[in-house]
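Below you will find the structure I want to go over with you.
For ligands, and for the atoms within them, numbers begin at 1 and follow the listed sequence. Along the sequence shown, residues are numbered consecutively beginning with 1. Atoms considered below: every heavy atom in the structure, side chains included; atoms not considered: hydrogens, waters and symmetry mates.
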Amino acid sequence: MIRRTASRFGVMADVHANLQALETVLEHFESEGIREIWCLGDVAGYGGEPEACVELVRERCAGTVRGNHDVALVEPRFRAGFNPHARAAIERQAALVSDAARDWLAGLPPVIELGDVMLLHGSAIDPDGFPYVLGRVDAARELEAFDARWGFYGHTHVPAAWRRDVDGRTEALELSGPQLEIGPPARYLVNPGAVGQPRDGDPRAACAVFDRESTRLTIARLDYDVSAAQDAIRRARMPEIEAERLAEGR
Ligand code: ZN
């Protein structure tokens, strides 16, 4: 039997151990009546509360794929490609988390396929290499690499939506409105933005709700307690830059 998503579900990415942002996003899903939430990876990395975030994501999400920071927490050799502050943060987190959290991170799948929906962290072409989908050409290649109608990814920390029409043309969709129609016969690749470390200049936490019946996608931006998240980063003795960037959304 093919696993499928609920007709209406929440999707979120890049929690990055930011408990305040995660709680805010979960409250949003709850207020929207969302019972099924999917997580696109990078629960670990950068933030001050990896253990609590792993626990909460485990408890509340229907499924989670692995991100590059999740892999790096478990496998030290994977940290070689990280910049110095990202490496320092993941080393610190590796010392902070329980064996149970580590085992859970180690067991995350690279991709979750749910019939016409596919979930992954960075790239369908190279799910373990984590290249970035940064522009139209990247998105077009990705949309050729999987068959599902709707693909969801994270990793860039920037909300985005790409549409591939029946002629094989790929275009970026404008995200300025509150809702997007992402219906057949075209196929779509959607990034809901980052929960715990947005990088599009907007410090608010990001997540998305997709209603398959109406094919309406809604990307939400939510104010959360940034200074409490910064305090947690400092308490955990993470690099200061991880605290500062949260206020700027960079
Ligand atoms: Zn990330």
Side-chain angles (χ1 to χ4, degrees), residues 11-22 24-25 37-50 52-54 56-57 61 63-75 78-94 97 101 104-106 108-112 119-124 126-134 138 142 151-160 189-208 219 221 224 226 229 232-233 236 238-239 241-246 248-250:
V11 60
M12 64 178 191
D14 296 286
V15 170
H16 283 302
N18 184 335
L19 183 61
Q20 290 72 26
L22 175 60
T24 298
V25 163
I37 303 164
W38 298 93
C39 177
L40 305 175
D42 273 3
V43 181
Y46 299 125
E49 297 184 79
C53 287
V54 164
L56 203 46
V57 169
C61 292
T64 300
V65 295
R66 66 175 176 237
N68 50 320
H69 288 256
D70 305 322
V71 176
L73 187 145
V74 178
E75 294 182 39
F78 204 83
R79 300 169 198 162
F82 279 24
N83 68 46
H85 63 86
R87 195 182 317 146
I90 205 74
E91 280 168 4
R92 181 84 190 109
Q93 289 192 358
V97 298
W104 181 77
L105 290 167
L108 296 177
V111 176
I112 295 177
L119 311 167
L120 53 79
H121 184 65
S123 162
D126 185 4
D128 291 312
F130 302 103
Y132 289 94
V133 175
L134 295 172
D138 296 337
E142 290 292 325
F152 291 89
Y153 73 108
H155 195 36
T156 65
H157 300 203
V158 175
L189 183 61
V190 174
N191 187 326
V195 173
Q197 194 198 76
R199 291 183 191 160
D200 59 348
D202 181 344
R204 294 175 298 170
C207 63
I219 293 187
R221 296 308 289 262
Y224 74 97
V226 172
I233 285 170
M238 298 287 168
I241 187 176
E242 312 307 356
E244 287 169 2
R245 67 193 301 179
L246 292 184
E248 295 158 18
R250 295 279 176 207

Under the rule for side-chain hydrogen bond (donor to acceptor under 3.5 Å, both in side chains), what residues qualify as partners of Asn18, not counting sequence neighbours? Tyr224
If you define the side chain from C-beta out and look only at heavy atoms, does anything of Arg250 sit under 4.5 Å from Glu244? no
If we only look closer than 2.8 Å, how many protein N, O or S atoms does the Zn ion (ligand 1) have near it? 4
Counting the benzene-type ring for Trp, do His69 and Tyr46 have ring centres under 6.0 Å apart? yes
Strictly distance-based, threshold 3.5 Å: is any side-chain N or O of Arg79 a donor or acceptor partner for the main-chain N or O of Leu73?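 Yes; at least one donor-acceptor contact below 3.5 Å.
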Donor-acceptor contact below 3.5 Å, side chain Asp14 vs main chain His157: no
Is the ring pair Phe78/Phe130 parallel, tilted or perpendicular, if the boundaries are 30 and 60 degrees?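 It falls in the perpendicular class, over 60°.
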